[in-house]
Amino acid sequence: MAYRYHEIRRVYDNSSSDTESYESEERRKKKTCIKRSSNGAKPKTKPILVHRSSNEQSGSDEPTSVLKETYTRNKQRANFNNSAGLTRNCGQKNMAESPNKNGGKPRSGDKITLVVDDTRFSNIEVDAIRAHPNTMLGRMFTSTLETNFTRPNERGEYEVADGISANCFRAILEYYKSGTVRCPPSVSVQELREACDYLLIPFDAATVKCQNLRGLLHELSNEGAREQFGEFLEDLILPILVGSAHRGDREAHIVVLMEDDVVDWDDEYPPPMGEECSQVIYSTQMYRFFKYIENRDVAKQVLKERGLKKIRLGIEGYPTHKEKIKKRPGGRPEVIYNYVQRPFLHMSWEKEEARSRHVDFQCVKISKSITNLAAAAADTPIDPHIADQLDQGNVVHPQPVGRNDQPGPPEAEPEGQAPP
């Protein structure tokens, strides 16, 4: 006897006349069960242990072939559903990795999502960003770049503008829609200015609209002062620095006078100027520029960026002409000059300033084996005869040295002492 697992069925003798009608009824039931299965899933069948006689084993396999055909058809349908689901998942994964066929670059008409400060800004039109190619975002999403450095994350989003707050970036996005940026109350003007500089968006009165006019004008003044001092540096200051360098100097002290200032020094009694040799620039415009502390701060920052060191900017008194001469006790004259307050600049381009001001001092050599000060102060080993005299309490007078560094005549030996 043979036991096999089969689907639920009845087996009749082939010689029976009811075989064909029963088989047709069985096929109809099978088809009905398949149609009633939900979502095209494979029909579940329960195996049963059936006793099969020897006559059935040797008989015709027509019922078995029908069941095999049904089983094969159901298996193919299940494989098709599984392959369709796998294809759908793979397609979604590929779309997340490469949103389009253009190698990660959005196409014209697409809408993208930007992530800034863990905040998502969705439905942003790529064409609106590409309409401003001089900005940083415009360069990132421009299709004409030879090397595309813009890559989305696993969700198809673009993470940009690291270090900029979400509120500030939301205000900047208005520039791509209306061409203006309105500073919100929660964002300072300085923060908005730094964000615009980072994203290469022009920061001027035509682009930025702000309720805080003082902060807006302050930032605009800083930008204007930077450009103005750049012109002063190239036209007026740099020629003086070059002239000082040709004389071998490595620093310069420049005083800015007004164009109507008159300097009249007495050649016999010049004013005391100290060690600094001042250079003079006659420019009323530069004088007015350095009148403000903010402008001096901007100028100092520009000079640092240009590589200069030891920069000092301020206001000091500068002598213009002699007023009178006083006679001090003893007949020494004292000259009094008129001083005006004018801005000055001091800068240096010396590389080894630490070594230039280093002075070598000869240190006193101290030895633990010598207990007297005369031996400790001497650079050469002490004479044994002098050491014996010091130990006996006798005073040794140093030999006088002449102007030409020649030793004087030797002194007479003390009485009672034998020459060495």
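No experiment lies behind these values; they were computed from the predicted model shown. Keep in mind that the numbers below use all heavy atoms, side chains included, and drop hydrogens, waters and symmetry copies.
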Problem set entry | Check against side chain to side chain contact (heavy atoms under 4.5 Å, CB included), L192 and C168 | CA-CA 6 Å; L192 182 62; C168 185; 3.9 Å; yes
Side chain to side chain contact (heavy atoms under 4.5 Å, CB included) assessment of N134 paired with L200:
CA-CA 7 Å; N134 294 328; L200 302 179; over 6 Å; no
ask   = Between R342 and M258, is a side chain to side chain contact (heavy atoms under 4.5 Å, CB included) present by the stated rule, with each step listed?
value = CA-CA 8 Å; R342 295 294 182 262; M258 299 180 65; 3.8 Å; yes
Step by step, would you call H321 with V262 a side chain to side chain contact (heavy atoms under 4.5 Å, CB included)? CA-CA 8 Å; H321 60 276; V262 178; over 6 Å; no
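The 12-atom threshold is not exceeded at CG of D162, counting heavy atoms of other residues, nucleotides or ligands nearer than 6.0 Å. Other residues, nucleotides and ligands contribute at most 12 non-hydrogen atoms within 6.0 Å of the CD atom of Q211.
A 4.5 Å side-chain heavy-atom check between I112 and I129 finds at least one atom pair inside the cut-off. Residues I281 and F232 fail the side-chain proximity criterion, which asks for heavy atoms closer than 4.5 Å. Using a 4.5 Å heavy-atom cutoff, the side chains of F344 and R312 are in contact. Counting heavy atoms from C-beta on, the side chains of E125 and K177 never come closer than 4.5 Å. Contact annotation: the side chain of N212 never approaches that of C183 to less than 4.5 Å [non-hydrogen atoms, C-beta and beyond]. Inter-residue side-chain proximity for E219 and Q190 is flagged as met; some heavy-atom pair is nearer than 4.5 Å. Here the side chains of E305 and R226 are in contact, with some heavy-atom distance below 4.5 Å. The closest side-chain heavy-atom distance from L220 to V208 is not below 4.5 Å.
Atom CH2 in W349 sits 10.5 Å away from atom NZ in K310 (nearest 0.5 Å). Summarising the geometry, atom OG1 belonging to T320 is positioned 9.0 Å from atom CG belonging to D264; distances are rounded to the nearest 0.5 Å. How far CD1 of I325 is from CD of E268: 7.0 Å, rounded to the nearest 0.5 Å. Annotation: the span from N167 atom CG to R170 atom CZ amounts to 5.5 Å, rounded to 0.5 Å. With values rounded to the nearest 0.5 angstrom, E231 atom CD is found 10.5 Å from M286 atom CE. Between L137 atom CG and L173 atom CG the span is 7.5 Å, to the nearest 0.5 Å.
Residues in residues 113-122 take part in these salt bridge (Lys or Arg N to Asp or Glu O under 4.0 Å) pairs, two or more places apart or across chains: R120-E157. Listed by first and then second residue, the salt bridge (Lys or Arg N to Asp or Glu O under 4.0 Å) pairs involving residues 194-218 are R193-D197 (not counting sequence neighbours). Residues in residues 178-221 take part in no ring-ring contact (aromatic ring centres under 6.0 Å, His included) pair, two or more places apart or across chains. Sorted by first and then second residue, the ring-ring contact (aromatic ring centres under 6.0 Å, His included) pairs with a member in residues 162-194 read F121-F169, H132-Y175, H132-Y176; sequence neighbours excluded.
Across all non-hydrogen atoms, the minimal contact from L303 to M347 is CD1-CE, 4.2 Å. Between A161 and L199, the shortest heavy-atom distance links the atoms CB-CD2, 4.3 Å. When all heavy atoms of R139 and P133 are compared, the pair lying nearest together is CG-O, 3.2 Å. When all heavy atoms are compared, the tightest approach of G215 to V189 is O-CG1, 3.6 Å. When all heavy atoms of V116 and A166 are compared, the pair lying nearest together is O-CB, 4.2 Å. Residues V181 and A171 approach most closely at CG1-O, 3.7 Å, considering heavy atoms.
The backbone N or O of E251 sits nowhere less than 3.5 Å from a side-chain atom of D249 that would complete a donor-acceptor pair. Side-chain atoms of T135 do not come within 3.5 Å of backbone N or O of I201 as any donor-acceptor pair. Listed for the W265 side chain is no donor-acceptor partner under 3.5 Å among the backbone atoms of Y337. When atom types are taken as modelled, the side chain of S348 and the backbone of R250 share a donor-acceptor pair closer than 3.5 angstrom. Checking side-chain atoms of K309 against main-chain N and O of E350 turns up a donor-acceptor pair under 3.5 Å.
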Just distance, no hydrogens or angles: give the donor-acceptor pairs under 3.5 Å from side chains in residues 290-300, sequence neighbours left out.
| unit_1 | atom_1 | unit_2 | atom_2 | d |
| --- | --- | --- | --- | --- |
| N295 | ND2 | F289 | O | 2.9 |
| R296 | NH1 | F290 | O | 2.7 |

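Side chain to side chain, H346 and E316 fail the donor-acceptor criterion of an N or O pair below 3.5 Å.
Checked against side chain to side chain donor-acceptor pair (under 3.5 Å), T119 has no partners two or more places apart in sequence or in another chain.
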